[in-house]
Amino acid sequence: MKTLITRIMEIVLDKPDKLAVAFKKEQLTYYELLEKIKSIGSCLANMGIQKGDRILFTTLSKPEMVATYLGIQYCGAIAVFLDKNVTVGNIEFVYKDTNAVLVLTDKPLKHINNNIKILSLKKLYLGELNECYNNKEISYEIPMENDIAELLFTTGTTGNPKGVILSYKTVYNILKNTIDGIGIHEDERLLLPLPLNHSFALRVLRALLYQGASIILQNGFTFAKEIENNLDAYHCTALAVVPASIETISRQMQGQFAEIIGKFRYIEAGAGSLTVEQRKRLTKLLPNTIIYNTWGSSESGGALFINVTEIASDPEKIHSIGKPLHNIQVRVLNEEGNEIQQSDNEHPGRMSLKGDMQMIGYWNRKELTEETLKDGWLQTSDIVYIDNDGYVYMLGRADDIINVGGEKVSPIEVENIASEYPHIRECACIGIPDPDKILGYVPILFVVPKDNIYSSEDIHTYLAEHMERYKLPKYYIQLQDLPRNRMQKIDRKALRKIWDEQGNNSVMNPVMQALLTRRSIRKFKDRPIPKNILDMILQAGYYAPSGHNMQTWRFTVIQDREKITRLKEATTKTAKEHNVYCYGFENPVCIILISNDERNQNGCQDASCAAENIFLAAHSYGIGSVWLNALMTLRNKKPVKNFLDELGIPTRHVVWCMVALGYPLEEGTLLAKKKDVVVFI
């Protein structure tokens, strides 16, 4: 059996200069990666690290992490992954639990136990520690297949994390399953914007390296522009994502999503299932990109694979989470632990897996290991059924299935149906005790509206037409966004906490809904705004607060298409000449210029309050808007000045805001909001 290191040695003999891993402008060829692995492994051995020693290290999305991970294994030690945002408490627990000998990190660790040995991961990577520890290169000793290679600690929301033990045999079979399940080519260049301590990212990383392909690392999905930059710079052919991140990317790229993301040969979504709505939409938007969805776990790696592109038109199989590969067995167990020979939607059970890809067990967790591994089978908490073609269908986790008066309700089924309602951006279903004390439990649905048109009455009517009565949510609770964990999976425990604290007494009202769902719109339909609605929007503007009630503002309303075009051209040209940032807009049916007398010290604030009122009022009527503020610095620059003078705007007026209005041609971008900007004293 080959290890990842012996495989890299083979690749170096054949293609030493091929790109192995990159992050921004930092790159390692396979030859350079192997040299780093040898240097790190030798340095660790020279400092006294022995075979089987546990070494903790933080997993930044950089080449140094990849080299350190394999350098630890080069000297025979066991790699123990730590999240880059790991707390001191977690480090201390894992260090003690594994009886580790070393932590490799550059993370500031205040008040950490003095008995924990810490070295700089970066200095080790750069070779700056070699002279301190007798710079003598060691030879690689190929391990036995059942030797422990890695410990992967799962990030539990409660209690202490548990370490999944992966042998070299396990790691090899996990990476081979990923290669076979996806069909990874040696000339692949995969963009990997996922945390590298997670099992999904790790199995993709290992598989690409084993194939001799190239990995482009990226630090998360926060900025979709970074994906575009990496795609162009490295000519990426593949992308690994989690389902929630696809929505983040789509909202940021808007109309360019299909053009940019469609350049990938394939996309693999893991660490969660794509919704039916996502599957339909993505396969339609990206006809030349293969969409894969993989079910996996820390304990098994990727085990069920599905080519979404192939089954998107099948009304039944589009709900499946995949099929096992030929070397993986799957069975469905009833509550007594016996196999259900013919499972279906009405007779589901717990999924059990068997294959060489499964873990050895949990570190120092004998009882938990015995509960999870029975007679060579890996027991999961996933409730599934299998069709006659071997496709597996997920109904939810065992703890998530809702028992409604004896009827079993799958939260995933409710979410899939609700997600196809046009005014819902995302949703999540959980069960709560029946307030009427009749049915035991009832489903409720947390909803993030897509726009201001959503109403709980309308969604209830829609769902009643698409599902059985007992599956209908009892309550609908609006949220600004759904709570998620590190890998962007829905955090159902957090949702239960929200319900326990808030119940159905939602503080959401129409005003708050308008505030939280309003987005900037830059592309508009060719549809006029009715005069009575435009008058109300303007009224909202001049009813805004005004410092000392001076009301020295002016609202210049332009509806003439020719004048709007001239204004846009003049603004764009002048902004470019004077190096002023001016983000564009397309086809607004109305422009409102909000100006104020330069002698009014509160002019900017007054105009800002008026603009915000206009934005929210427009949104409440389903009209899109965008704030453009280039004119505040270009008021007296030609040809802008000539045009504004032509409109009769007083010379002493500063145009603080230009509002573009119109019915939206596409959705606005929902950007992540920082949660640490509020400080309570």
Open item on the list: Set out, in order, the CA-CA distance, both residues' side-chain angles and the distance that settles side chain to side chain contact (heavy atoms under 4.5 Å, CB included) for Met658 and Ile591, then state yes or no.
Closed with: CA-CA 7 Å; Met658 176 165 59; Ile591 293 281; 3.7 Å; yes
TODO: Might you work through the side chain to side chain contact (heavy atoms under 4.5 Å, CB included) test for Glu268 and Asn293, ending with a clear yes or no?
DONE: CA-CA 6 Å; Glu268 182 188 3; Asn293 203 175; over 6 Å; no
Inspect the contact between [Y] and [X] and indicate whether a charged nitrogen and a carboxylate oxygen are less than 4.0 angstrom apart.
| X | Y | value |
| --- | --- | --- |
| Glu277 | Arg281 | yes |
| Asp232 | Lys263 | yes |
| Lys497 | Asp491 | no |
| Asp597 | Arg599 | yes |
| Asp645 | Arg635 | yes |

Would you say that [X] contacts [Y] through its side chain, given a criterion of any heavy-atom pair below 4.5 Å between the two side chains?
| X | Y | answer |
| --- | --- | --- |
| Tyr234 | Asn229 | no |
| Val442 | Pro435 | yes |
| Thr283 | Val308 | yes |

[atom1] of [X]: more than 12 outside heavy atoms within 6.0 angstrom?
| X | atom1 | result |
| --- | --- | --- |
| Lys84 | NZ | yes |
| Gln601 | CD | no |
| Lys107 | NZ | yes |

Would you say [Y] and [X] are linked by a side-chain donor-acceptor pair, where the criterion is simply a distance under 3.5 Å?
| X | Y | value |
| --- | --- | --- |
| Asn596 | Thr552 | yes |
| Thr237 | Glu188 | yes |
| Arg425 | Ser419 | no |

Looking at every non-hydrogen atom in both residues, tell me the closest pair between [X] and [Y] and how far apart they are.
| X | Y | value |
| --- | --- | --- |
| Cys657 | Ala611 | SG-CB, 3.8 Å |
| Gly396 | Ser410 | N-OG, 4.5 Å |
| Glu247 | Gln278 | OE2-NE2, 2.9 Å |
| Ala201 | Leu192 | O-CD2, 4.0 Å |
| Ala464 | Leu472 | N-CD2, 3.5 Å |
| Gly547 | Asp606 | N-OD1, 2.9 Å |

- [ ] Over 60° means perpendicular and under 30° means parallel, so classify the ring planes of Tyr462 and Tyr421, tilted if in between.
- [x] tilted
Are [X] and [Y], when compared by the centres of their aromatic rings, separated by less than 6.0 Å?
| X | Y | value |
| --- | --- | --- |
| Phe446 | Trp499 | no |
| Tyr663 | Phe524 | no |
| Trp553 | Tyr542 | no |

Open item on the list: Go through it in stages, so that I can follow the logic: the residues are Lys471 and Glu413, the test is side chain to side chain contact (heavy atoms under 4.5 Å, CB included), and I'd like the CA-CA distance, side-chain angles, deciding distance and then a yes or no.
Closed with: CA-CA 9 Å; Lys471 297 178 182 177; Glu413 180 186 4; 2.9 Å; yes
TODO: Show your working on side chain to side chain contact (heavy atoms under 4.5 Å, CB included) between Phe23 and Val21 and close with a plain yes or no.
DONE: CA-CA 7 Å; Phe23 174 74; Val21 59; over 6 Å; no
